[in-house]
**Student:** 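One structure coming up, written as structure tokens, with questions to follow.
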Amino acid sequence: MKNRNAVLIFVLFISLTVFASKKSEDEKIEKILSQMTIEEKVGQMNQQNFNALDDNLINQLKNGQIGSLLNISDKTAIDKIQRIAKTESRLGIPLIMGRDVIHGFKTIFPIPLGQAASFNPSIVESGARIAAIEASSAGINWTFTPMLDISRDARWGRIAESLGEDTYLASILGAAMVKGFQTNDLSNPTSIASCVKHFVGYGAAEGGRDYNSTNIPPYLMRNVYLPTFEASIKVGAATVMTSFNDNDGIPSSGNKYLLRNILRDEWKFDGFVVSDWGSMEEMITHGFAKDRKQVAQLSANAGLDMEMQSGTYMENLPQLVKEGKVSVKVINDAVRNILRIKFRLGLFDKNYTEKNVPSEFYSPDHLLMAKKAAVQSAILLKNDNNTLPLKKGLKVAIIGPLADAPHDQLGTWVLDAEKSHTITPLKALQTDYPDVQYVYEPALAFSRDLNKEHFSKAVIAAQKSDVAIVFLGEESILSGEAHSLSNINLIGVQSELLEAVKSVGKPVVLVIIAGRPLTIERDLKNADAVLYIFHPGKMGGPAIMDLIFGKENPSGKLPVTFVREVGQIPMYYNHNNTGRPAIGRVTRLNEIPVEAIQHSLGNTSFYLDSGNEPLYPFGYGLSYSRFEYSNLSLSAQQIKMGDSITIRATLRNNSDVDGTEVAQLYVQDIVGSIIRPVKELKGFRRVLLKANESKVIEFVLSANDLAFWGLDRTLKAESGDFNVWIGGSSVAPLKATFTLIP
Ligand code: NOJ
């Protein structure tokens with residue numbers, strides 16, 4: 001009883017504190033708002049691109065015409081701008097300084113897709129924390145990340161910036177990123193506001209062509225594309241960015257249903273919404289607005305608080321208010337949302353000194369974490385005859401355009417990176433492994449290089465060595481925004497280079513450094529081992545070399561399905577079942593008799609030329625250890641709504657090498673009121689196992705975890721039978737069944 005009272009008093013105390021701080025926040029906001037002219041309010045809703053700190057900008061600042069700047073990272077300039085805004089404008093409102101700090105500011109981490117391969121929320125959170133520490137020391141207080149767009153199409157260049165194809169994984173990792181950037185307290189001097197983007201459906205661009213329209217039916221939207229955003233907003237993401245695409249013919253920047261009904265009414269989001277670069281004025285090109293004035297009207301009324309760069313608010317909102325086409329309430333609400341985040345960030349309390357403060361760049365613990373992230377992001381796809389790790393004393397040939405490409409290994413979105421700080425695999429070999437004898441022959445100057453003149457040198461290098469390590473892949477500029485590809489084979493003549501090296505007859509280790517999953521089936525025959533690493537960032541070189549020489553053991557798993565042929569796209573593990581799923585052996589092209597008569601009996605859903613299987617499934621990745629799963633057991637055969645079930649299995653490291661395995665839990669709702677996917681990830685855990693060690697791993701699944709957005713348009717679990725699997729990838733073989741009863 002005493003305890004209960006103590007808990008009640010504590011809860012009451014917390015509620016009162018929250019209420020009091022919310023009240024004082026509201027009072028501060030209302031106090032400023034009550035003094036603002038309509039022009040000053042619209043000024044808060046205006047984000048401008050930073051060009052120069054000239055008289056024009058200074059005048060705008062003094063007149064309160066700018067709420068935010070983007071693309072600025074010069075601390076002295078930022079401080080000067082903030083000082084002018086705070087001391088020389090009528091109301092002294094500071095700006096929020098936005099920047100694309102996507103996977104590191106100076107200490108560049110693996111691209112988000114690589115971080116996702118770690119299946120490690122804590123490393124993702126640390127990466128964001130470090131990025132925030134470095135960026136905030138340069139005066140930046142807002143980053144446009146995480147990108148939470150589910151990506152099922154490797155042609156889409158921005159898959160690089162995504163957290164993969166799976167909603168559950170991306171929700172967990174996205175929320176971890178938000179926590180890393182923001183901490184629990186936005187006013188902490190090293191916290192920066194995060195921006196979840198692109199709301200919503202941007203990753204479903206038809207054909208993987210960037211900015212393209214999407215076709216997302218409502219259940220898919222609810223069950224696949226929206227939950228990542230909701231998860232991040234639940235942990236406090238301060239801002240949301242609208243996407244370029246339209247959904248059902250409505251561009252996101254003018255979509256009231258998304259921005260008001262879902263974001264505000266359903267999710268109770270109280271931060272602010274910003275448009276993407278040009279996404280508002282592009283509603284004219286979409287054919288959704290006739291001119292810039294209508295753009296401003298549509299976006300403001302839809303609930304878009306701040307316009308990035310295109311200036312239609314500044315130009316038109318005061319007049320639209322006069323004409324009664326946009327209400328003062330709409331404007332006030334937008335400004336409240338923006339001021340709220342500025343207060344939470346503590347921007348009003350800061351002193352801007354214009355003095356150079358010591359930066360926090362590249363500190364040893366940042367580098368260590370960046371290396372750890374790179375190690376955990378590498379996926380071992382193939383390792384015939386235990387080619388890897390390399391035995392001591394071997395002479396190695398280092399070949400290929402990505403072995404020493406300091407710019408390209410950093411990946412997309414590295415606005416503030418300095419390539420001179422990158423440690424490439426070649427550099428790491430030279431400094432960390434001085435005893436290893438090697439020859440280096442890039443053979444190609446860059447990934448698209450078509451000049452085969454130096455192939456012979458690569459062949460000679462392989463002949464002179466015991467093993468060849470061939471570094472192929474993509475330059476960083478081949479993925480990222482506006483860099484979609486229709487052919488995702490290794491670009492240029494890289495496959496031919498690999499073939500030439502393999503023809504020597506020495507073991508070949510292929511290291512692929514890329515921004516997306518490439519179609520590498522044709523290359524596998526020319527490599528004894530394949531280590532795949534999405535652009536790994538600054539410390540990629542040491543990470544790769546430690547993996548190759550066995551100082552580290554690979555533990556990354558695929559956050560996306562690897563297809564055999566580009567024509568298989570979209571292919572993702574958590575698809576719905578057709579009425580004719582292709583299970584087992586399927587007919588292949590050359591088995592069809594010439595002049596066979598039209599016939600479909602027994603045919604199932606697959607391609608005659610590439611079958612129905614991916615090259616590598618979601619969740620897949622090898623290790624130098626050998627992991628075995630056994631003894632799957634359930635705590636109950638039946639559970640009731642509101643209860644939970646414990647699923648256990650034994651995981652054994654059946655090898656002499658210590659290693660970490662990402663154990664994964666998948667679930668299938670066998671019969672639903674709408675068809676449920678063939679399986680869905682519902683849990684994962686990195687498990688460290690010593691050589692020959694066994695552990696019982698355990699996942700607890702609550703009935704709520706089985707919920708989906710169903711026919712009655714609510715999120716709930718349906719009673720019935722469920723399959724569960726535990727294993728090391730999405731084709732986990734250990735399976736059991738339980739029943740959820742009403
Ligand atoms: C366009 C991109 O789509 C968005 O992700 C980015 O944050 C903005 N430009 C600002 O650079």
Side-chain angles (χ1 to χ4, degrees), residues 46-51 66-73 95-105 111-113 128 131-132 135 138 140-151 153 156-163 170 174 177-178 181 192-205 208-214 225 228-229 232 237-247 251-253 255 271-283 285-286 299 304-311 341 411-417 476-477 479-484 515:
N46 178 37
Q47 181 185 53
Q48 254 174 234
N49 187 41
F50 174 73
N51 290 316
I66 303 178
S68 170
L69 284 175
L70 81 156
N71 286 331
I72 177 168
S73 60
L95 274 63
I96 177 166
M97 299 291 183
R99 184 80 167 153
D100 290 284
V101 181
I102 306 297
H103 52 109
F105 184 66
I111 55 172
L113 191 59
I140 292 160
N141 34 48
W142 184 20
T143 177
F144 306 124
T145 201
M147 187 183 104
L148 299 175
D149 301 307
I150 293 302
S151 310
D153 193 331
W156 190 51
R158 290 200 93 166
I159 195 170
E161 198 183 336
S162 82
L163 294 165
M177 253 189 211
V178 170
F181 280 114
I192 64 177
S194 79
C195 182
V196 292
K197 67 188 190 184
H198 304 84
F199 196 61
V200 61
Y202 181 43
R209 276 200 309 285
D210 211 355
Y211 315 123
N212 208 349
S213 296
T214 64
Y225 291 94
T228 50
F229 289 90
S232 274
T239 70
V240 171
M241 186 187 292
T242 56
S243 58
F244 290 116
N245 57 286
D246 72 274
N247 290 293
S252 301
S253 298
N255 195 324
F272 71 86
V273 178
V274 65
S275 60
D276 200 348
W277 184 281
S279 71
M280 280 175 51
E281 63 178 354
E282 286 167 18
M283 293 200 296
T285 325
H286 273 289
S299 290
L304 201 156
D305 305 310
M306 183 183 279
E307 176 173 19
M308 183 186 284
Q309 164 273 342
S310 50
I341 297 305
T412 184
W413 278 130
V414 288
L415 300 177
D416 299 284
S476 57
I477 194 60
S479 59
E481 186 179 351
H483 288 82
S484 296

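Start at 1 and go down the list; that is how both ligands and their atoms are numbered.
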**Student:** Applying side chain to side chain contact (heavy atoms under 4.5 Å, CB included) between R99 and each of N71, L70, I72, report the one that passes.
**Tutor:**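 The passing option is N71.
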
**Student:** Taking atom types as modelled, is there a side-chain donor on S68 or W142 under 3.5 Å from an acceptor on the other?
**Tutor:**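 Distance-only check fails for S68 and W142.
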
**Student:** Please indicate whether any nitrogen or oxygen in N71 is less than 3.5 Å from any nitrogen or oxygen in ligand 1.
**Tutor:**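 Between N71 and ligand 1, no N or O pair is found under 3.5 Å apart.
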
**Student:** Going by heavy atoms, is Y211 under 4.0 Å from ligand 1?
**Tutor:**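 Flag not set, Y211 not near ligand 1.
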
**Student:** So which heavy atom in the protein is nearest atom 7 (O) of ligand 1, and how far is it from that ligand atom?
**Tutor:**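 Result for atom 7 (O) of ligand 1: D100 OD1, 2.6 Å.
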
**Student:** With a 4.0 Å heavy-atom cut-off (strictly under), which part of R158 contacts ligand 1: side chain, backbone, both or neither?
**Tutor:**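 The answer is the side chain.
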
**Student:** Please examine the side chains of Y202 and M241, heavy atoms only from C-beta on, and report whether any two atoms are closer than 4.5 Å.
**Tutor:**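 Answer no - side chains too far apart.
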
**Student:** Can you check side chain to side chain donor-acceptor pair (under 3.5 Å) on D149 and S162, steps first, answer last?
**Tutor:** CA-CA 6 Å; D149 301 307; S162 82; over 6 Å; no

**Student:** Verify whether one side chain among N247 and T214 offers a donor that lies under 3.5 Å from an acceptor in the other.
**Tutor:**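 T214 and N247 do have a side-chain donor-acceptor pair below 3.5 Å.
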
**Student:** What atoms in ligand 1 come closer than 4.0 Å to a heavy atom of K197?
**Tutor:**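 With K197 as reference, the close atoms of ligand 1 come out as 4 (C), 5 (O), 6 (C), 7 (O).
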
**Student:** Identify, by atom number and element, the atoms of ligand 1 in contact range of F144, meaning under 4.0 Å from any of its heavy atoms.
**Tutor:**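 The list of qualifying atoms is 7 (O).
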
**Student:** Please confirm whether the ring centroid of W413 lies under 6.0 Å from the ring centroid of F144.
**Tutor:**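 No; F144 has its ring centre 6.0 Å or more from that of W413.
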
**Student:** What residue and atom, counting heavy atoms only, is the protein's closest point to atom 1 (C) of ligand 1, and at what distance?
**Tutor:**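 In this structure, atom 1 (C) of ligand 1 has D276 OD1, 2.9 Å as its nearest protein heavy atom.
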
**Student:** At a 4.0 Å threshold, what atoms of ligand 1 neighbour a non-hydrogen atom of M241?
**Tutor:**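 Going through ligand 1 atom by atom, the ones under 4.0 Å from M241 are 4 (C), 7 (O).
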
**Student:** Indicate whether the side chain of E307 and that of S310 have a donor and an acceptor atom separated by less than 3.5 Å.
**Tutor:**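 Yes, because at least one side-chain N or O of E307 sits under 3.5 Å from a partner of the opposite role on S310.
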
**Student:** For W277, take its heavy atoms, then give the atoms of ligand 1 lying under 4.0 Å from any of them.
**Tutor:**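 Near W277, meaning under 4.0 Å from one of its heavy atoms, ligand 1 has 9 (N).
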
**Student:** Please tell me whether S253 and T242 have a donor and an acceptor in their side chains that are separated by less than 3.5 angstrom.
**Tutor:**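 Side chains of S253 and T242: pair found under 3.5 Å.
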
**Student:** Can you list the ligand 1 atoms lying under 4.0 Å from a non-hydrogen atom of E481?
**Tutor:**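 That gives atoms 1 (C), 2 (C), 3 (O) of ligand 1.
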
**Student:** Are any of the heavy atoms in M147 under 4.0 Å away from ligand 1?
**Tutor:**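 In this structure, M147 fails to qualify as a contact of ligand 1 - no heavy atom is under 4.0 Å.
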
**Student:** Counting from 1, what ligand 1 atoms have a heavy atom of F244 closer than 4.0 Å?
**Tutor:**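 Counting atoms of ligand 1 from 1, those under 4.0 Å from F244 are 3 (O).
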
